[in-house]
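Side chains are part of it too, since the values below use all heavy atoms of this structure and drop only hydrogens, waters and symmetry mates.
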Amino acid sequence: MKILIAYASYNSTTETCAKLLAEKLPDADIVDLTKGIPVLSDYDTIVIGSCIRFNIIHNAVKNFIGNNLDTLMNMNTAIYLCCGFPEKANQYLLHNFPKKLLNKSVSIQCFGGKLYVKPYRLHDKLIMNIVRKNFKTDKRKPTYIDNENILKMVDDIKNII
């Protein structure tokens with residue numbers, strides 16, 4: 001069974017998670033959707049990964065799903081998110097993904113994430129600084145990649161192989 005891990009990210013966390021998944025899934029290929037569009041017919045299972053930025057998935061992931069939804073509905077799919085607020089993952093999923101794709105996916109996980117202050121614009125830097133201050137004020141734990149949820153997705157995918 002050939003597996004595609006298609007992702008897009010603004011920083012390296014989603015890519016790191018894609019690589020961690022690929023290490024544990026035989027015959028998995030990784031494609032950064034900001035750099036290329038894969039041929040879906042080459043695969044049996046598609047894993048879609050996206051970062052969340054300001055409550056929205058990456059545009060490349062949104063376009064990939066929109067352009068391929070009918071095809072994805074006829075394949076095994078799994079979805080993962082990387083975000084600094086994993087407690088809001090269900091909200092992000094419902095807001096950004098078609099319900100019919102969520103309902104048919106074999107695994108949906110939030111892999112956590114890291115809040116990098118690696119802004120692309122002054123506006124982003126200001127917002128990230130506010131978020132970091134709120135983390136300290138709320139005495140929240142620092143963000144991290146949730147390896148346990150990565151292993152859950154691996155198990156879910158291996159169960160359909």
Does atom CG of Asn63 have more than 12 heavy-atom neighbours, drawn from other residues, nucleotides or ligands, at distances under 6.0 Å?
yes

Answer whether the closest heavy-atom distance between the side chains of Asp146 and Gln109 falls below 4.5 Å.
no

Ignoring hydrogens and angles, write down the donor-acceptor pairs under 3.5 Å from the side chains of residues 16-24, residues two or more places apart or on other chains.
{"unit_1": "Thr16", "atom_1": "OG1", "unit_2": "Ser12", "atom_2": "O", "d": "2.9"}
{"unit_1": "Lys19", "atom_1": "NZ", "unit_2": "Glu15", "atom_2": "OE2", "d": "3.4"}

For the residue pair Tyr92 and Cys83, establish whether any side-chain heavy-atom pair is separated by less than 4.5 Å.
yes

Ignoring hydrogens and geometry, is there a side-chain-to-backbone donor-acceptor pair from Asn149 to Phe111 under 3.5 Å?
no

Show the nearest heavy-atom pair for residues Pro26 and Ile3, with the distance to one decimal.
O-CD1, 4.1 Å

In Å, rounded to the nearest 0.5 Å, how long is the span from CG of Asn96 to CD1 of Ile79?
10.5 Å

Nearest heavy-atom neighbours spanning Ala8 and Thr14:
O-CG2, 3.8 Å

Answer yes or no: is there a side-chain heavy-atom contact under 4.5 Å between Leu69 and Leu101?
yes

OH/Tyr7 to CZ/Phe64 distance, rounded to the nearest 0.5 angstrom?
13.5 Å

Nearest 0.5 angstrom please: Ile157 CD1 to Asp44 CG, how far?
12.0 Å

Within the supplied structure, the quantity of interest is the number of heavy atoms (other residues, nucleotides, ligands) at a distance under 6.0 Å from Asn103 CG; does it exceed 12?
yes

Flag this pair as yes if the NZ/CZ of Lys88 is under 6.0 angstrom from the six-membered ring centre of Phe85 and inside a 45 degree cone about the axis; otherwise no.
yes

Kindly compute the distance separating CD1 (Ile30) from CD1 (Ile5), expressed to the nearest 0.5 Å.
5.0 Å

Shared ILVMFWY cluster between Ile56 and Leu93, side chains joined below 4.5 angstrom?
no

CG of Asp155 to NZ of Lys158, rounded to nearest 0.5 Å, is 7.0 Å

Establish, from distance only, whether the side-chain atoms of Asp29 and Tyr43 form a donor-acceptor pair under 3.5 Å.
yes

Using a 4.5 Å cut-off on heavy atoms from C-beta on, say whether the side chain of Pro98 contacts that of Ile65.
yes

Residues which pass salt bridge (charged side-chain N to carboxylate O under 4.0 Å, His left out) with Lys152, listed by chain and number, not counting sequence neighbours
none

Any link between Phe97 and Leu94 through a network of hydrophobic side chains (Ile, Leu, Val, Met, Phe, Trp, Tyr) touching at under 4.5 Å?
yes

Write down the atom of Asp156, the atom of Ser107, and the distance for their closest heavy-atom approach.
OD2-OG, 2.8 Å

Where do His58 and Thr34 come nearest, in terms of heavy atoms and distance?
CE1-CG2, 3.4 Å

Taking the side chain as every heavy atom from C-beta outward, state whether Val31 and Leu4 have any atom pair closer than 4.5 Å.
yes

Report the distance from atom CG of Leu40 to atom CG of Asn74, rounding to the nearest 0.5 Å.
11.5 Å

Are Leu151 and Ile108 grouped together when hydrophobic residues (ILVMFWY) are joined by side-chain heavy atoms under 4.5 angstrom apart?
no

Minimum heavy-atom separation for Ile57 to Ile52, with atom names?
CG2-CD1, 3.6 Å

Is a donor on one side and an acceptor on the other found under 3.5 Å between the side chain of Asn68 and the backbone of Thr71?
no

Distance-minimising heavy-atom pair for Ser50 and Val61:
CB-CG2, 3.7 Å

